[in-house]
A.B. asks: 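Starting off with a structure, shown below.
Only a predicted model underlies this, so the values are computations on that prediction, with no experimental measurement involved. Counting starts at 1 for both ligands and their atoms, in listed order.
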Amino acid sequence: MAPPSIKLNSGYDMPQVGFGLWKVDNATCADTVYNAVKAGYRLFDGACDYGNEKECGVGIARAIRDGLVKREELFIVSKLWQTFHEKDKVEPICRRQLADWQVEYFDLFLIHFPVALEYVDPATRYPPGWFYDGQGEVRWSKATNQETWGAMESLVDAGLARSIGVSNYEAQGLYDMLKYARIRPATLQIELHPYLQQNNLVRLAKAEGIAVTAYSSFGPTGFIELDMDRAKNVTPLMQHEAIAAMAAKHSKTPAQILLRWATQRGLAVIPKTSRPGVMEQNLESTDFDLDQADLDRIAKMDLNLRFNQPTNYFSSDKLW
Ligand code: NAD
């Protein structure tokens with residue numbers, strides 16, 4: 001069964017459950033994407049920074065060639081990396097990313113983080129990552145978020161992106177951009193799980209007609225593989241006794257409980273797994289409802305605990 005979809009303010013429909021592509025390694029990425037299409041996924045959440053867009057494109061092209069899916073049935077999401085925030089850098093890099101994916105347009109293109117870094121020529125290093133020298137030097141760019149958003153709007157005008165949005169914005173950034181946006185952001189993609197529930201930000205986005213996509217729905221699990229202390233030092237959500245009890249009660253897996261908690265709130269989710277079987281399990285997580293007691297119990301689990309923090313990536317004092 002196809003997951004429900006969310007109507008975006010751009011008029012397009014976005015599948016509510018998609019497939020996340022961060023940390024999908026290059027060697028297996030094309031097959032993983034192909035298998036995910038086969039499992040029924042239609043939304044793929046990629047990014048320049050994930051370093052696997054070419055392989056994603058190979059998997060998608062093979063799935064289309066084999067007749068598993070048509071381009072127009074897919075919803076391909078990618079993101080603008082911070083070193084390309086200056087207005088003359090946005091379209092060229094978007095065109096390169098489209099070529100990597102072997103598609104003519106993105107269904108959704110997001111500003112990955114509202115933090116501009118100095119330009120690094122893709123011929124020097126691609127993806128460029130956080131560090132100007134590829135080692136540890138952070139160099140800021142003077143590009144403002146307003147300048148970058150104007151260039152994102154031009155991508156829509158040029159037919160390169162059907163919808164545009166933002167990621168990792170907080171309330172202040174959203175309020176600010178709503179003053180100058182000619183095209184309002186269609187989505188806001190943020191870290192969101194029971195340990196970081198973000199209720200005020202979700203309320204704000206909803207009030208402004210911006211759809212919210214929750215990433216890292218399993219909380220610490222996706223960050224333990226990065227050897228992050230703050231993820232290792234907290235109970236994994238899938239093993240939390242409250243989540244485990246709900247899974248038993250509903251005859252679902254803990255992962256499905258976590259995903260349903262988000263989709264029942266009207267959010268989209270983009271779980272990542274390379275394991276066939278588990279892929280299907282995550283996709284098939286919208287056919288039941290948590291009850292009020294479950295929702296009340298999860299509401300008590302909020303720790304305001306964020307794992308994906310830019311400072312974690314370039315701090316020398318090893319915040320994680
Ligand atoms: P996630 O929350 O999807 O967790 C991934 C981990 O959970 C993996 O270790 C996987 O093996 C495991 N897992 C997945 N399904 C499972 C299941 N059913 N049972 C048991 N274990 C399971 O982690 P994530 O990768 O951090 O986030 C998902 C996606 O969100 C990313 O791939 C990416 O597309 C997006 N994302 C975006 C940003 C951003 O800055 N915009 C940041 C992080 C992630």
A.B. asks: Parallel, tilted or perpendicular, judged at 30° and 60°: which one describes the rings of Phe307 and His193?
C.D. replies: tilted
A.B. asks: Which heavy-atom pair separates Phe288 from Gln256 by the least distance, and what is that distance?
C.D. replies: CZ-O, 3.7 Å
A.B. asks: What residues form a salt bridge (Lys or Arg N to Asp or Glu O under 4.0 Å) with Asp121, not counting sequence neighbours?
C.D. replies: none
A.B. asks: Give a table of atom pairs where an N or O of ligand 1 lies under 3.5 Å from a protein N or O.
C.D. replies:
unit_1: ligand 1; atom_1: 2 (O); unit_2: Ser217; atom_2: N; d: 3.3
unit_1: ligand 1; atom_1: 2 (O); unit_2: Phe218; atom_2: N; d: 3.1
unit_1: ligand 1; atom_1: 3 (O); unit_2: Lys272; atom_2: N; d: 3.0
unit_1: ligand 1; atom_1: 9 (O); unit_2: Glu225; atom_2: OE2; d: 2.6
unit_1: ligand 1; atom_1: 15 (N); unit_2: Asn282; atom_2: ND2; d: 3.0
unit_1: ligand 1; atom_1: 18 (N); unit_2: Gln281; atom_2: OE1; d: 2.9
unit_1: ligand 1; atom_1: 18 (N); unit_2: Asn282; atom_2: OD1; d: 2.9
unit_1: ligand 1; atom_1: 21 (N); unit_2: Arg275; atom_2: NH2; d: 3.4
unit_1: ligand 1; atom_1: 25 (O); unit_2: Lys23; atom_2: NZ; d: 3.4
unit_1: ligand 1; atom_1: 26 (O); unit_2: Ser216; atom_2: OG; d: 2.8
unit_1: ligand 1; atom_1: 27 (O); unit_2: Ser216; atom_2: N; d: 3.3
unit_1: ligand 1; atom_1: 32 (O); unit_2: Leu21; atom_2: N; d: 3.2
unit_1: ligand 1; atom_1: 32 (O); unit_2: Trp22; atom_2: N; d: 3.0
unit_1: ligand 1; atom_1: 34 (O); unit_2: Leu21; atom_2: N; d: 3.2
unit_1: ligand 1; atom_1: 34 (O); unit_2: Asp45; atom_2: O; d: 3.3
unit_1: ligand 1; atom_1: 34 (O); unit_2: Asp45; atom_2: OD2; d: 2.6
unit_1: ligand 1; atom_1: 40 (O); unit_2: His112; atom_2: NE2; d: 3.3
unit_1: ligand 1; atom_1: 40 (O); unit_2: Asn168; atom_2: ND2; d: 2.9
unit_1: ligand 1; atom_1: 40 (O); unit_2: Asn308; atom_2: ND2; d: 3.4
unit_1: ligand 1; atom_1: 41 (N); unit_2: Ser167; atom_2: OG; d: 2.8
unit_1: ligand 1; atom_1: 41 (N); unit_2: Gln189; atom_2: OE1; d: 2.9

A.B. asks: Classify the ring geometry between His112 and Tyr50 as parallel (under 30°), tilted (30 to 60°) or perpendicular (over 60°).
C.D. replies: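 Plane angle over 60°, so perpendicular.
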A.B. asks: Which class fits the ring pair Trp101 and Phe106: parallel under 30°, tilted 30 to 60°, perpendicular over 60°?
C.D. replies: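 Plane angle over 60°, so perpendicular.
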A.B. asks: Before accepting this row, confirm whether a basic side-chain N of the pair Asp133/Arg139 lies closer than 4.0 Å to the acidic partner's carboxylate O.
C.D. replies: no
